[in-house]
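Read the structure below first, then the notes.
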Amino acid sequence: MVPRAHSSLNGRVGFSFFQGDTMSERYNPTEIEAKWQKRWLDDALYRTDAADARPKYFVLDFFPYPSGDGLSVGHARNYVPTDVIARFYRMRGYNVMHPMGFDAFGLPTENAAIKLKVNPADLNEKYSANYIRQFKLLGLSYDWGRVFNSSHDSYYRWTQWIFTRLFNSWYDPRLDKARPISELEAELAAHGTGRILDAIDKTPEQIGAIARTVPRIDAAAWTAMARREKNAFLMQFRLAFRNESVVNWDPVDKVVVANEEVDAQGRAWRSGALVERKTLKQWNFRITAYANRLTRDLDTVNWPQRIVTMQRNWIGKSEGAEVDFSVAEGAAAGERIRIYTTRPDTLWGATFMVLSPEHPLVARIVTPAQRAAVDAYVEKAGARSDVDRSDVSKEKTGVFTGAHARNPVNGEAIPIWVADYVLMTYGTGAIMAVPAHDQRDFDFARKFGLPVRRVIQGPGAASSDGAEMEAAYAEHDEGDGHMVNSGPLNGMDTAHALSAAIDFVEDIGAGQRRVNYKIRDWLISRQRYWGTPIPILHTPDGEVSVPDEQLPVRLPSVQHYEPTQTGESPLAALPEWVNQPGGRRETDTMATWACSSWYFMRFADAHNDERIFDPTQVNYWLPVDMYVGGAEHAVLHLLYARMWTKVLYDLGIIDFIEPFKSLRNQGMILAPEPREVDGRMVYEKMSKSKGNVITPDDVVATHGADALRGYELFISDFSQTVPWNTNGVPGVRRWLDRVWRIVLSPEEDRGAPATMGARELRRIAHQTIQRVERDFDAFAFNTSVSALMEYTNALFKARDAGLTGMPEWAEAIDILVRLIAPIAPHMAEELWQRMGHSYSIHKGVSWPTADAAAAREDEIEVPVQVNGKLRDKVVVAADADEAAIKAAAIAAPGVQRFVGDKPLRQVIYVKGRLVNIVI
RNA sequence: GCCCAAGUGGCGGAACUGGCAGACGCGCACGACUCAAAAUCGUGUUCCUCCGGGAAUGUGGGUUCGAUUCCCACCUUGGGCACCA
């Protein structure tokens, strides 16, 4: 067998490869894929071009974390579609950036390194090299000139640089943006904190701009502070700040984790361990300052609705009012108890108050008679885990303090209770309880025999006696109801009561409109070795950031990097590293969320050692046009990256406010064989420990990368989770074999005689261009492969109809090879060359243009129904008028059998679709 | 408990805006080629049927000339949230 590839003359695309009785050359993916991969790499074919007149397109995969297991076919579900999109846009003349890098710091690598007793840096190099090898094996068109690794100091230097920007910035509620901390110092020297606190009172959305602990001080008080006091004071403003708080401690990884990394069951995201509460001093980013913008700007992105909803829920914006109650008697008499409520319209229905067990006032108001009971309760509550405390299925608990509070709207004294269903971390840690209109308060009131007073009379004739209610009536915007038992609000309809109540409270000086967010600040420090060192020095004057010219603060090499039990990083055991001329280095490192919060920008100027990136480059390429990855990052990376983008925008470093214009989530791929778990057959995730991982290496070795790529796309809808089907790849492989044969040796063997005209072939070809374009745009890759399979089948039929010598045949084959190029780039390149074209099909504008006239149908087949049931079909000219089509439909034999001489009640014609005859 | 998504042949799935249900592929069956097998090619493949048809897109209702598609209730699976005042 002597393969002889050559192109024919005159631009004809007929081939005769074989002479005499030699067999045709078979499709050999192993050979051609290796050949083209090498050539593409040698030529840097996919290098991103500099900014030019073409429209740009930035298509990006989530930052992968290189693990020792390497890539499975499940990972390829992410990388193949983005590669198809990158190639599709390139072929249509866009300037495309399609880069890759590695999120290399973090616990899994460090844990593996500890286990294997090797250096995590070495392990990381090995793992990422393996990823690169696998990416190349798949024929992915990354620009390898831009690859970087977040654990290299050439990268993390800039992560530290951004950290110091956050540290040296604060959020000005008046401008609704971040500003340099030096400007805050100037303001404090001139005006104290008054103007800032006033602004927050006037614009309730800004509640999270600064710490809630900031006191009202005047300029003199600021000026009188020593430097160390000033620095401590400023911590309440900085966007990167250190404070003592209750944090989630992961006892398995021996590290603190962020709220976003703990699931509803209280388990840590990576280790799966139940987290414990610890009070520790930790570094945080003030993401609460951005809560409002993070919610608001979700309107501007093209993301899956569920991810948008998850972020909205996580941020949890709610609007209401803060109202000041006061202690009615005892030593603390007159002292204010501030509550937050979203239902100020129910203020007159408050029959008791509840304080969180951690509320500072509890110890001071409790009466001697109740002290023992209250102390015991508070202690017990403190010992319960958060998950346990927030388990809604358990009955509410609580204890009376013996004290009373005065309700500012009606002067009533109501009992103050302590209960752990009120959280210190939300609102003010204290609530007014309105059992008639809040189910939680209702349950509590019924259990402890507290009064229930109705203040909203709903529609219908429900009793106005709270004692008879069986459940809280929580509606307030339904319209029909009216206010009762509510002093000045009596008789008002419920739709207006809310704003009227806030007005009333503001008028009497008892409170004001307020916004609250569920989101808490983002805990970033980790007590581990393998991360970006936090560039801070602890000096006698407090914390100061390491100056730019001293960055990076390099991670020292160490002999032992095992985590400690004490909550201290292994770096703390290196005195020569810790002790610096001006002070002690911070020994915690940053969680990898910091690394991944800006990497997408670095691709615009990946190897710049002078600055973080050239602003022209970053503003040209960003935001990312298409971002693809798993849905598990909904409130982690995708939220964090948005905050950093907004900070950098505020500081004038970039000029876009959202990092990712469009986002798509791919579905998971599960192991092919279901297994019995708890008596049920289930498809499991692929994992090395279960021994059910299918690697791209194996699939490529037997069927080639193009077949694997095709099947990754074809397996299911892109976003659907689906088990792998071992027989699927051979199916796609068969299709590619057919493509190979129909292009190179169409005459070789024939099927049954068929009929097809040249006009029809041309129509199918151009319709296929339209279908594939539409499917790619919709991320419907499975149907794009179907369309190409159908097209290939049509070409075999056209061959059997004797069309191979015609110009339409040559055009049809040319279109086929171009259309498969994004999916099967190696085969397309090989066929392209053999067809006599110059290298490369992947360079320049090579996507075919659909000819709408050619794609148009001359005749259409119209189904005909009688009473909604299909009875016949008629073929009519595409431009036939309605009357003619109806007449043809009625005359159709299959229709006449049912209609006979019965009168026609109605004949419905849907243009180009169907006729329905009603009798 | 609340919110969201999804339930279509033996399997993965398709069906653009309410208009031919099951495209495309897998699997299976039969046939051709072969000494035989593989590969390839061809035919068939939702179910029932008295071969006229009838039934069918999780279940039950509704709207409509017409419903996989819209509405209501319920069931199942997956995901998210879980006392946030």
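Naming convention: chains lettered A, B, ... in sequence-line order (proteins, then strands); numbering from 1 in each chain.
- For the salt bridge (Lys or Arg N to Asp or Glu O under 4.0 Å) test, no residue two or more places apart in sequence or in another chain qualifies with A:K797.
- Closest approach to the A:N782 side chain among B:G13, B:G19, B:A15 is made by B:G13 (side chain taken as heavy atoms from C-beta onward).
- Side chain of A:V722, nearest nucleotide from B:G12, B:A39, B:C20: B:G12.
- Every stem involving RNA chain B, taken as at least 3 paired positions in a row under the Watson-Crick or G-U wobble test at 3.5 Å, is listed here: B:1-7 with B:75-81, B:10-12 with B:24-26, B:27-32 with B:40-45, B:46-48 with B:53-55, B:58-62 with B:70-74.
- On the P atoms, B:G52 is 40 Å away from B:A36, given to the nearest whole Å.
- Applying the 4.0 Å criterion to OP1 and OP2 of B:A55, one finds that A:K869 has a side-chain N or O inside that range.
- The nearest whole Å value for the distance from the CD atom in A:Q439 to the C1' atom in B:C2 is 13 Å.
- Salt-bridge check for A:R733 with A:D737: passed, with a basic side-chain N closer than 4.0 Å to an acidic carboxylate O.
- Taking 90° from 0 as the syn/anti boundary, the base of B:G9 is oriented syn.
- Using a 4.0 Å heavy-atom criterion, one finds that A:R871 contacts the sugar-phosphate atoms exclusively.
- Under a 4.0 Å N-O distance rule, the pair A:R514/A:E319 does not qualify as a salt bridge.
- Spacing between B:A67 and B:C72 at atom C1', rounded to whole Å, works out to 15 Å.
- With B:G19, B:C20, B:G52 as the choices, the nucleotide that has an atom nearest any side-chain atom of A:R897 turns out to be B:G52.
- Rounded to whole Å, the distance from CD on A:E319 to P on B:A85 is 11 Å.
- Distances shorter than 4.0 Å separate some side-chain N or O of A:S716 from OP1 or OP2 on B:G13.
- Atom CG in A:N665 sits roughly 15 Å away from atom P in B:A5 (whole-Å rounding).
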Atom pairs and distances, side-chain donor-acceptor, residues 706-715 of chain A, under 3.5 Å, sequence neighbours left out:
{"residue": "A:D706", "atom": "OD1", "partner": "A:H826", "partner atom": "ND1", "Å": "2.7"}
{"residue": "A:D706", "atom": "OD2", "partner": "A:H826", "partner atom": "N", "Å": "3.4"}
{"residue": "A:D706", "atom": "OD2", "partner": "A:M827", "partner atom": "N", "Å": "2.8"}
{"residue": "A:R709", "atom": "NE", "partner": "A:I823", "partner atom": "O", "Å": "2.9"}
{"residue": "A:R709", "atom": "NH1", "partner": "A:D83", "partner atom": "OD2", "Å": "2.9"}
{"residue": "A:R709", "atom": "NH1", "partner": "A:L138", "partner atom": "O", "Å": "3.0"}
{"residue": "A:R709", "atom": "NH1", "partner": "A:G139", "partner atom": "O", "Å": "3.2"}
{"residue": "A:R709", "atom": "NH2", "partner": "A:D83", "partner atom": "OD2", "Å": "2.7"}
{"residue": "A:R709", "atom": "NH2", "partner": "A:P822", "partner atom": "O", "Å": "2.8"}
{"residue": "A:E712", "atom": "OE1", "partner": "A:R77", "partner atom": "N", "Å": "3.3"}

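- Comparing B:G61 with B:A55, their P atoms are spaced 15 Å from each other, to the whole Å.
- Between A:E205 and A:R513 a salt bridge is recorded (basic side-chain N to carboxylate O distance below 4.0 Å).
- Distance A:W740 CH2 to B:U40 C1': 17 Å, rounded to the nearest Å.
- Following rounding to the nearest Å, A:L914 (CG) and B:A21 (C1') show an atom-to-atom distance of 14 Å.
- Using a 4.0 Å heavy-atom cutoff across all strands shown, A:T783 reaches sugar-phosphate atoms only and no base atom.
- Nucleotides B:U17 and B:C28 are separated by 38 Å at their C1' atoms, to the nearest Å.
- In the model, A:Y473 has no side-chain atom that pairs as donor or acceptor with a side-chain atom of A:D438 under 3.5 Å.
- At the heavy-atom level, A:Q720 lies under 4.0 Å from the strands shown only through sugar-phosphate atoms.
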Can you list, pair by pair, the side-chain donor-acceptor contacts under 3.5 Å of residues 720-727 of chain A, counting residues two or more places apart and other chains?
{"residue": "A:T721", "atom": "OG1", "partner": "A:M668", "partner atom": "N", "Å": "3.3"}
{"residue": "A:N725", "atom": "OD1", "partner": "A:N727", "partner atom": "N", "Å": "2.8"}

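- Rounded to the nearest Å, the gap between the C1' atom of B:U46 and that of B:A14 is 15 Å.
- A tilted orientation is assigned to the rings of A:W417 and A:F448, their planes being inclined by 30° to 60°.
- Remark: the separation of the C1' atoms in B:U68 and B:G22 is 11 Å, to the nearest Å.
- Nearest-nucleotide positions on RNA chain B for A:T309 and A:Y426 put A:T309 closer to the 5' end.
- A donor and an acceptor atom, one from each side chain of A:R738 and A:N793, are located under 3.5 Å apart.
- The side chain of A:R26 lies closest to B:A39, out of B:C41, B:A39, B:G53.
- Nucleic acid contact for A:I908: base, since at least one base atom lies under 4.0 Å from a heavy atom of the residue.
- Distance, A:R774 CZ to B:A14 P: 13 Å, rounded to whole Å.
- A distance of about 32 Å separates the P atoms of B:C20 and B:C75, rounded to the whole Å.
- Residues A:D775 and A:T783 bring a donor and an acceptor atom of their side chains to less than 3.5 Å of each other.
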- Query: How does protein reach along nucleotides 24-32 of chain B, written 5' to 3' as B (base within reach of a heavy atom under 4.0 Å), S (only sugar-phosphate), or - (no contact)?
  - Reply: BSSS-----

- Summarise how protein sits on nucleotides 77-83 of chain B as a single string, 5' to 3': B when a protein heavy atom is under 4.0 Å from the base, S for sugar-phosphate-only contact, - for no contact. SSSS-BB

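- By the rule that a glycosidic angle within 90° of 0 means syn, B:G52 counts as syn.
- The side chain of A:S318 lies closest to B:A85, out of B:C41, B:G66, B:A85.
- Per the geometry, CD1 belonging to A:I431 stands 11 Å off P belonging to B:A85, to the nearest Å.
- Remark: A:E322 engages A:R212 in a salt bridge, criterion side-chain N to carboxylate O under 4.0 Å.
- When rounded to the nearest whole Å, the span between CH2 of A:W735 and C1' of B:C41 equals 20 Å.
- Proximity of the aromatic rings of A:F781 and A:F779 is defined here by a centroid distance below 6.0 angstrom, and this criterion is met.
- Taking atom P on both nucleotides, B:C81 is separated from B:G9 by 32 Å, rounded to a whole Å.
- Side-chain contact, A:W314 with A:E260: a donor N or O sits under 3.5 Å from an acceptor N or O.
- Looking at A:Y517 and A:T288, their side chains never bring a donor and an acceptor atom within 3.5 Å of each other.
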